[in-house]
Structure formats: C-alpha cells, structure tokens
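What follows is a single structure, written as structure tokens, with notes after it.
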Amino acid sequence: MKGCWLLGNLGESGGGGATEWRTAFCDRILTGVMELIIISGGIVVIPILTFITSVLFWPGALIKAYNWFTRHKLGLVVRYSHSGSYRFCYSTRGTPGGTTPSLLLLHGFSANKDMWLPVIKYLPRNQHLVCVDMPGHEGTSRTGAEDYSIEGQVARIHQFVQSIGLDKRPFHVIGTSMGGNVAGVYAARYAAYLSGATLICPAGLVYPKDSEFISRLKKLENSPQEESIPLIPTTLQELEDMLSLCLCNSLSFPRPVLRGLLANRLPNNGFYKEVFMEIAGEKSRHSLQENLHLITSPVQVIWGQEDQVVDVSGSTVLQAALPNCQVELLDNCGHSVVLERPRKAAQLIVDFLSVQTGNGENKKLS
C-alpha cells in the first residue's frame with residue numbers, strides 16, 4: 001500500500017478516541033463534499049457519495065478498487081488457467097520472447113499477486129512478467145493441506161508454468177518470504193526450466209540467529225494458552241503489530257486503510273492458519289535448506305538488513321551453500337522489501353538479468 005493516495009490524504013486526528021476521530025473525519029469529508037457539490041452543480045453527487053460510503057462502510061472494497069486501478073495503469077491483465085479441475089489466477093504483462101527471460105513472481109504468506117505492484121512500476125514496460133496467486137490464495141483454487149506444504153506448492157507452481165506455456169523457454173523465478181522458499185525449491189527441482197532465480201528474504205533456512213518473529217513463536221509454543229499467530233491478525237492492534245514486525249520504517253496508516261486491510265484478511269484467517277501450520281511444520285520448515293545442494297541456476301539474494309521475520313543471517317547460509325550467488329543487503333529495510341524498497345529491488349533484478357543475458361550495465365537506482 002506504500003504510495004497509495006489513501007495514505008496521503010486521510011490523516012488520523014489525535015485524541016478523543018475512535019468515536020471522536022470518526023466524527024471529525026466525517027465532518028471533514030462532508031464539508032469537502034458540499035463544496036464539490038456546489039462547484040459542480042450537483043453532477044458529481046452520486047460518485048462522491050459512493051466514495052464516502054466505501055470509505056466508511058466498505059474500506060476493504062476501496063483497497064481492492066485501488067489495486068484494480070493500479071493494475072490497469074501498469075498494463076497488467078488478470079487471467080485464469082486450468083490444470084484439470086485446478087484453477088490458477090494470475091496477472092500478466094507483455095509477451096515472452098524478448099531479450100530477457102520471462103519473470104514469474106511468487107508472493108509471500110497471506111498476500112496475493114497484487115503485492116508485486118510497487119516493484120512492477122519500476123520494471124521495463126516491455127518485460128514479460130507473470131504474477132500468480134499462490135495455492136489457495138486469492139483467485140487460485142483452495143483445496144487442502146497437501147497443496148499448502150512447500151513441496152505441494154512447488155508441484156502446483158510447475159503445473160501452472162506448464163498450463164500457460166511458460167516452460168517453452170527458460171524463465172526467471174522471483175519469490176519473497178514463503179514465495180522465496182518455493183522459488184528456491186523450484187530452482188532445485190526444475191533447474192532445466194530456469195535461467196535464474198531471485199530470492200527475497202526467503203523462508204525455509206536454518207538461520208544462525210533467531211528473528212523477532214521466531215522468538216515470539218517459540219514463546220507461543222511454550223504458552224499454555226492459545227494465542228494468535230503474529231502474522232495472522234484478528235484485531236486492528238494485532239494488524240498494527242504485524243506491520244511493525246514486517247516494516248523497518250513504521251508507516252502511519254490511517255484507520256480506514258487499516259480497517260480495509262483487516263476486513264480483507266479476516267474471512268481468510270482460517271485458511272491462513274492452515275497454510276501456516278503446513279509451512280512451519282517439520283516437512284516444510286527447512287525445505288530450502290534441504291534443497292540448496294541441488295540448485296545450479298544463477299541465484300540472486302536480496303535481503304533487508306532489519307528483517308524481523310526471517311533473520312538476515314540467512315544470507316550467509318545461502319552464500320556458503322551457493323558461493324556464486326549474488327547477495328544484496330539493503331540498509332534501513334525490513335522484511336517487506338517489496339513495499340519499502342520497490343525501486344531498488346526492481347533495479348537490482350534488472351541489473352542481475354542484464355548481466356545474465358549479457359545486455360550490459362543499467363543505470364543504478366537508489
């Protein structure tokens with residue numbers, strides 16, 4: 001959501017509690033509405049009232065509308081493909097066959113294909129790319145635990161690759177967090193299909209140092225009471241805590257945006273817990289670690305120095321196992337590299353592809 005116009009225009013007023021804040025917010029909106037109605041002669045009444053209703057009562061729908069608008073602006077088209085009865089949902093731009101390989105982008109836990117929008121903004125317009133909803137997420141089929149383990153996700157992603165013909169020429173896979181785990185294992189199992197891989201803060205390793213998130217999980221495991229998982233918020237406060245965990249630089253999200261984010265997540269929390277139990281279980285917890293010796297493709301690693309979800313010390317593990325991998329550590333950046341440093345991440349990916357394809361150097365972006 002970084003860069004969203006909602007964040008810039010809806011500031012939270014201090015003091016007085018939620019009720020007083022909402023009253024003040026409504027007063028400001030209604031004052032502006034009346035001025036617009038007078039200026040426009042009443043022509044824009046319905047669109048404005050629709051907007052206000054969305055903000056106040058369906059903030060989740062407003063966020064989805066914003067993502068739809070951003071996809072459209074970036075030239076992305078949402079499509080579906082099938083492998084038997086299984087359905088994949090994905091967004092795509094461009095056509096394969098250019099001077100650089102196609103990009104397949106795999107999002108993290110409890111996210112969806114739209115999480116890549118901030119990065120796509122800075123990728124070349126003619127770059128062929130595909131962002132898929134991971135198994136069970138957003139528009140992709142929701143089946144059962146067998147598809148939510150890392151091995152299960154890797155198998156489904158390969159089905160997806162074949163279903164859209166992405167396997168016709170070597171492509172580059174990019175994954176972040178859970179998606180980084182899947183991308184790494186995919187690189188180990190299906191090396192012949194890849195030109196390379198970019199792993200952004202990947203899960204699935206044996207980390208020399210525990211992150212804040214892992215420390216919290218260990219406390220929860222030893223707690224007699226069932227408590228919420230830090231990455232599956234059920235209240236606004238828990239959502240704010242999750243954002244603080246994922247971001248190095250805290251963003252002052254207005255309440256309507258927070259309510260919208262939470263509203264879109266709550267109906268899926270049961271599914272998120274099922275997925276989390278699979279990827280954190282014994283079969284998947286160290287999947288990437290266990291497959292590192294099978295990776296032969298060129299690998300790029302991008303990691304936020306202040307990552308509190310999976311510790312940046314994991315980069316040393318990758319470097320030891322893959323001596324030729326290119327490691328980029330980003331200062332003043334946490335786990336959500338895609339949100340905090342989208343421009344830099346995009347340029348690092350472009351530079352890596354350029355070197356791999358021999359297209360020369362690109363101008364650096366900070």
Side-chain angles (χ1 to χ4, degrees), residues 1-2 4 59-61 63-64 66-67 88-91 105-119 131-145 147-150 152-154 156-157 174-183 199-204 211-214 216-217 220 227-247 251 253 257-281 284-285 287-288 304 307-310 334-340:
M1 291 300 298
K2 187 174 182 180
C4 174
I63 289 175
K64 290 182 178 180
Y66 172 78
N67 287 337
F88 296 97
C89 180
Y90 65 103
S91 58
L105 296 94
L106 309 180
H107 64 73
F109 169 73
S110 76
N112 61 54
K113 59 187 174 297
D114 289 334
M115 78 163 291
W116 294 106
L117 294 177
V119 171
C131 307
V132 63
D133 285 328
M134 299 295 279
H137 290 72
E138 196 74 5
T140 292
S141 292
R142 188 168 292 184
T143 51
D147 282 334
Y148 307 147
S149 68
I150 297 302
Q153 294 193 56
V154 169
R156 285 298 188 187
I157 291 302
I174 302 172
T176 183
S177 195
M178 178 191 77
N181 192 351
V182 174
L199 310 181
I200 304 175
C201 305
S211 65
E212 173 64 22
F213 173 64
I214 297 300
R216 291 189 194 180
L217 281 186
L220 289 178
E227 298 184 43
S228 62
I229 299 170
L231 295 181
I232 308 178
T234 59
T235 66
L236 285 177
Q237 182 58 56
E238 289 177 357
L239 177 62
E240 289 178 320
D241 291 342
M242 184 193 77
L243 293 172
S244 296
L245 191 66
C246 293
L247 298 169
L251 300 176
F253 289 92
V257 174
L258 290 175
R259 289 190 358 254
L261 291 171
L262 186 63
N264 288 342
R265 293 179 63 92
L266 283 176
N268 299 301
N269 274 358
F271 162 70
Y272 293 152
K273 186 171 183 179
E274 186 178 7
V275 174
F276 184 83
M277 298 308 292
E278 282 299 315
I279 63 177
S284 298
R285 186 177 300 176
S287 290
L288 179 54
D307 194 335
Q308 296 186 81
V309 179
V310 287
H335 186 65
S336 297
V337 172
V338 172
L339 284 178
E340 294 193 278

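- Arg156 contributes no side-chain N or O that, together with a main-chain N or O of Pro135, makes up a donor-acceptor pair within less than 3.5 Å.
- Rounding to the nearest 0.5 angstrom, the gap separating the CG atom in Asp114 from the OG atom in Ser91 is 6.5 Å.
- For the pair Asn269 (side chain) and Pro233 (backbone), a donor-acceptor distance under 3.5 Å is present.
- Taking every heavy atom of both residues into account, Leu258 and Glu240 meet most closely at CD1-OE2, 3.4 Å.
- Judged by distance alone, with hydrogens and angles left aside, the side-chain atoms of Glu138 form no donor-acceptor pair with the main-chain N or O of Tyr90 at under 3.5 Å.
- For Tyr148 and Phe271, the gap between ring centers is short of 6.0 Å.
- Formation of a donor-acceptor pair under 3.5 Å by the Thr176 side chain with backbone atoms of His107 is not found in this model.
- Side-chain contact check for Ile174 versus Leu106: every heavy-atom pair is 4.5 Å or farther apart.
- A donor and an acceptor atom, one from each side chain of Asn268 and Arg142, are located under 3.5 Å apart.
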Show your working on side chain to side chain contact (heavy atoms under 4.5 Å, CB included) between Arg265 and Thr234 and close with a plain yes or no.
CA-CA 8 Å; Arg265 293 179 63 92; Thr234 59; over 6 Å; no
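- By the 4.5 Å heavy-atom criterion applied to side chains, Leu262 and Leu236 are counted as neighbours.
- Across Val119 and Val338, no two heavy atoms sit closer than the pair CG2-CG1, 3.7 Å.
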For a side chain to side chain contact (heavy atoms under 4.5 Å, CB included) check, start with the C-alpha distance between Leu245 and Phe213, then their side-chain angles and the critical distance, and finish with the verdict.
CA-CA 7 Å; Leu245 191 66; Phe213 173 64; 3.8 Å; yes
Evaluate the side chain to side chain contact (heavy atoms under 4.5 Å, CB included) criterion for residues Leu105 and Val132: first the C-alpha distance (whole Å), next the side-chain angles of each, then the deciding distance (0.1 Å), finally the verdict.
CA-CA 7 Å; Leu105 296 94; Val132 63; over 6 Å; no
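- Once rounded to the nearest 0.5 Å, the distance linking OG of Ser284 with CD1 of Ile150 reads 5.0 Å.
- When all heavy atoms are compared, the tightest approach of Ser244 to Gln308 is O-NE2, 3.2 Å.
- In this structure the side chain of Pro230 reaches within 4.5 angstrom of the side chain of Leu220, judged on heavy atoms.
- His137 places a side-chain N or O within 3.5 Å of a backbone atom of Ser110 that can act as its donor or acceptor partner.
- Two residues are said to be in side-chain contact when any heavy atoms from C-beta on lie closer than 4.5 Å; Phe109 and Leu231 meet this criterion.
- A donor-acceptor pair shorter than 3.5 Å cannot be found between the side chains of Ser336 and Glu340.
- Side-chain atoms of Ser211 come within 3.5 Å of backbone atoms of Val309 as a donor-acceptor pair (strictly under, hydrogens ignored).
- The backbone N or O of Leu288 sits less than 3.5 Å from a side-chain atom of Asn181, completing a donor-acceptor pair.
- Taking CD1 of Ile232 as the reference point, atom CD of Glu274 lies at 11.0 Å (rounded to 0.5 Å).
- Nearest heavy-atom pair, Gly334 versus Cys201, reported as atom, atom and distance to 0.1 Å: O-SG, 4.3 Å.
- Using a 4.5 Å heavy-atom cutoff, the side chains of Met178 and Gln153 are in contact.
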Using the side chain to side chain contact (heavy atoms under 4.5 Å, CB included) rule, take Lys273 and Ile229 through it: C-alpha gap first, then chi angles, then the decisive distance, then the call.
CA-CA 8 Å; Lys273 186 171 183 179; Ile229 299 170; 4.3 Å; yes
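- His335 and Ser177 form a side-chain donor-acceptor contact under 3.5 Å, judged by distance and modelled atom types alone.
- Side chain of Asp133 to backbone of Lys113: a donor-acceptor contact under 3.5 angstrom is found.
- Put simply, CZ on Arg259 and CG on Asn264 are 12.0 Å apart, with the number rounded to the nearest 0.5 Å.
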